[in-house]
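The structure appears right after this line, and notes come after that.
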Amino acid sequence: MATETRQRDIVIVGAGMAGLVAGVRATELGVDVCVLEKGTRPGGSMYLSAGLIWSYETIDDARENVPRGDPDLQRTVVEGLDPAFEWLESLGVTVREPPVELPTGETVVAPTPGANCGKIDPEAFTDRLRTRIEDGGGEVLVETPLRSLRTDGNAVVGVDATTPDGEDLEIEADAVVLATGGFQGNERLLQEYVTPAIENLWLRSNPWSTGDGLTAARDVGAKTTGGMETFYGHNLAAPPANVTPDRYLELTQYYGPFAVAIDERGERFTDESESELEHTLAQDTAHEADGRAYYVFDSDLYDDEVFSMGHIGTIVERSADRGAEVIRADSFDGFEEKLYAAGVDGTNAIETIDEYNEAVRAERGDRLDPPRRDYQRPVDTPPFYAVAVQPGITFTMGGLHVEEGGRVLDERRSPSTLFVDEGHDESVESEPIPGLYAAGVDIGNVNNRHYMGGLANALVMGRRAVETAVDDRVE
């Protein structure tokens with residue numbers, strides 16, 4: 001088999017938002033850059049999204065809402081977002097301020113209160129940044145997956161890839177930036193870290209983010225973060241609903257924090273209201289309910305509730321039109337029978353709803369097990385509804401351990417921090433792997449169970465990682 005060899009200053013692996021941003025910034029800094037994309041097109045999962053780029057306004061807000069994440073990385077994202085928006089505008093990318101209209105017709109003010117939010121057109125963004133890379137002398141190679149990182153001692157000095165024709169491609173480089181988009185498409189890694197019930201997961205993402213960056217970096221000694229079991233996603237209508245990439249947004253349920261979520265035993269399994277964006281509920285559906293749950297609510301919620309993502313009744317009707325399992329009954333007796341027919345323990349479900357109603361009427365939802373701390377309202381006005389849901393995983397939150405400049409840290413040359421506290425005198429410093437950087441959700445622990453934006457991380461850290469790599473070349 002023929003082998004093609006090239007020399008570049010920097011190789012970027014992945015052409016989603018982080019990779020495209022890094023590629024454009026590299027050309028601006030005057031380096032010879034090559035962007036490798038495993039898929040048939042650039043854009044990654046950003047291409048399939050609504051294009052909302054957001055994070056919190058302040059680091060204090062970020063820490064309050066995402067306490068498990070890395071504060072240094074979080075600060076980098078929060079403080080870097082406004083300059084990144086200005087930079088996009090300088091490239092001719094239109095960044096609209098909310099309120100914005102989503103493809104599903106809903107109007108969104110912001111994903112969460114206190115958000116710094118903008119919106120792009122994903123397709124136009126992808127085309128504009130790819131053109132900027134190529135006009136700047138760089139190249140974007142699609143259908144060219146990473147096989148491994150090339151090393152010289154402790155340093156990364158390039159990549160081995162495969163061309164669309166199946167030939168070996170060796171690229172020598174001073175630096176490699178990994179931006180492959182997480183490992184949500186890798187069944188083995190999902191079983192290892194997230195849930196054994198992967199048959200009850202929708203991939204709410206592109207199909208090419210299969211952990212290539214994570215696996216290659218670990219092979220050369222990279223550290224990983226905590227939170228490897230956590231992910232960002234939403235509960236979507238469960239099978240037999242017809243869920244395809246063009247329907248990710250319209251079949252996302254979103255209203256879980258207002259409903260009562262039960263598993264097939266008819267029992268609640270988490271505080272549904274923990275996160276306004278539903279992402280903790282989606283994770284707990286995967287971890288605690290084996291990926292299958294039912295959102296239970298009554299006609300008051302169905303008819304009247306309008307929240308940031310639209311009208312709940314409209315979402316349910318739209319899901320039913322796409323084949324979702326929607327149970328409706330005019331009495332609790334009928335509801336119990338229909339739940340049994342759907343494979344749910346209907347008797348337990350009615351007992352669960354009765355217990356829930358009694359607690360919230362007494363304003364004691366926080367004493368339930370599990371507690372219900374917010375959006376406490378009884379389910380008592382017929383008809384009653386239940387919608388079958390299962391998690392859709394958009395991106396994994398765990399990943400490579402980097403410092404705030406995007407340098408990937410070396411597990412073999414860094415001390416353990418497991419037992420470090422104020423009683424230790426030792427200076428704990430983690431060593432980076434020379435020549436290796438990461439951006440976007442290949443980086444772990446920006447988000448950890450809770451969520452402060454995915455595209456914001458990609459935008460800010462894509463710029464930051466390549467700037468650090470160029471600075472390190474000069475030094």
Side-chain angles (χ1 to χ4, degrees), residues 6-16 18-23 25-26 29 31-38 70 72-73 76 138 144-161 169-183 189 209-225 228 396 398-415 429-446 457-458 460-475:
R6 302 186 186 184
Q7 176 73 47
R8 296 290 183 267
D9 296 330
I10 293 178
V11 175
I12 298 164
V13 186
L20 290 171
V21 164
R25 186 64 182 137
L29 296 173
V31 298
D32 185 9
V33 65
C34 177
V35 183
L36 304 182
E37 169 54 46
K38 180 178 184 177
D70 184 314
D72 292 330
L73 292 174
T76 300
T144 307
L146 172 73
R147 292 203 319 274
S148 61
L149 296 169
R150 301 175 66 82
T151 58
D152 182 4
N154 291 323
V156 170
V157 294
V159 300
D160 291 326
L169 173 62
E170 298 176 355
I171 306 178
E172 298 177 356
D174 297 327
V176 175
V177 178
L178 298 173
T180 63
F183 61 87
L189 292 175
S209 291
T210 56
D212 294 357
L214 174 71
T215 301
R218 288 180 64 181
D219 285 345
V220 299
K223 292 181 73 172
T224 54
T225 66
M228 295 294 287
T396 43
L400 298 174
H401 194 159
V402 308
E403 48 76 65
E404 57 265 36
R407 300 179 184 91
V408 177
L409 302 179
D410 191 333
E411 181 178 51
R412 298 170 299 191
R413 300 173 63 228
S414 299
E429 295 183 1
S430 293
E431 292 291 331
I433 297 174
L436 186 60
Y437 307 82
V441 296
D442 277 359
I443 295 174
N445 212 28
V446 176
N457 170 15
V460 173
M461 292 305 298
R463 293 180 73 210
R464 186 67 178 267
V466 84
E467 288 169 354
T468 302
V470 172
D471 288 344
D472 288 348
R473 287 180 72 242
V474 173
E475 294 174 3

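Residues: numbered from 1 along the sequence shown.
At least one side-chain heavy atom of Ile171 sits less than 4.5 Å from a side-chain heavy atom of Leu36. No side-chain heavy atom of Arg407 sits less than 4.5 Å from a side-chain heavy atom of Val402. In this structure the side chain of His401 never reaches within 4.5 angstrom of the side chain of Asn445, judged on heavy atoms. By the 4.5 Å heavy-atom criterion applied to side chains, Leu214 and Met228 are counted as neighbours. Between Val13 and Val176 there is a side-chain heavy-atom pair separated by less than 4.5 Å.
Formation of a donor-acceptor pair under 3.5 Å by the Thr225 side chain with backbone atoms of Gly444 is not found in this model. For the pair Glu37 (side chain) and Ala15 (backbone), a donor-acceptor distance under 3.5 Å is present. Using modelled atom types, one side-chain atom of Arg147 and one backbone atom of Ala161 make a donor-acceptor pair closer than 3.5 Å.
Remark: Arg25 pairs with Glu28, Glu467 by the salt bridge (Lys or Arg N to Asp or Glu O under 4.0 Å) rule, at least two apart or across chains. Residues passing the side-chain hydrogen bond (donor to acceptor under 3.5 Å, both in side chains) test with Asp410, sequence neighbours excluded: none.
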Determine, stepwise, if the pair Asp72 / Glu403 fulfils side-chain contact (heavy atoms from CB on, under 4.5 Å). CA-CA 8 Å; Asp72 292 330; Glu403 48 76 65; over 6 Å; no
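Of all non-hydrogen atoms in Ala26 and Val466, the two that sit nearest each other are CB-CG2, 3.8 Å. Across Gly213 and Leu400, no two heavy atoms sit closer than the pair O-CD1, 4.3 Å. The heavy-atom pair separating Ala469 from Ile10 by the smallest distance is CB-CD1, 4.1 Å. Scanning all heavy atoms of the two residues, the minimum distance from Lys38 to Pro145 falls at CG-CB, 3.8 Å. Contact between Thr396 and Phe183 at its shortest, heavy atoms only, is OG1-N, 3.1 Å. Nearest heavy atom pair, residue Glu404 against residue Arg464, reads O-CG, 3.6 Å.
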Distance-only check: which donor-acceptor pairs under 3.5 Å involve side-chain atoms of residues 431-443, not counting sequence neighbours?
{"residue": "Tyr437", "atom": "OH", "partner": "Asp472", "partner atom": "OD2", "Å": "2.6"}
{"residue": "Asp442", "atom": "OD1", "partner": "Thr180", "partner atom": "OG1", "Å": "3.0"}
{"residue": "Asp442", "atom": "OD1", "partner": "Gly181", "partner atom": "N", "Å": "3.2"}
{"residue": "Asp442", "atom": "OD1", "partner": "Gly182", "partner atom": "N", "Å": "3.0"}
{"residue": "Asp442", "atom": "OD2", "partner": "Ala179", "partner atom": "N", "Å": "3.4"}
{"residue": "Asp442", "atom": "OD2", "partner": "Thr180", "partner atom": "N", "Å": "2.6"}
{"residue": "Asp442", "atom": "OD2", "partner": "Thr180", "partner atom": "OG1", "Å": "2.8"}

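Put simply, OG1 on Thr210 and CG on Asp212 are 3.5 Å apart, with the number rounded to the nearest 0.5 Å. For the atom pair OG1 of Thr76 and CZ of Arg463, the computed distance is 12.5 Å after rounding to the nearest 0.5 Å. The SG atom of Cys34 lies 11.5 Å from the CD atom of Gln7; values are rounded to the nearest 0.5 Å. For the atom pair CD of Glu172 and CG of Asp160, the computed distance is 10.0 Å after rounding to the nearest 0.5 Å.
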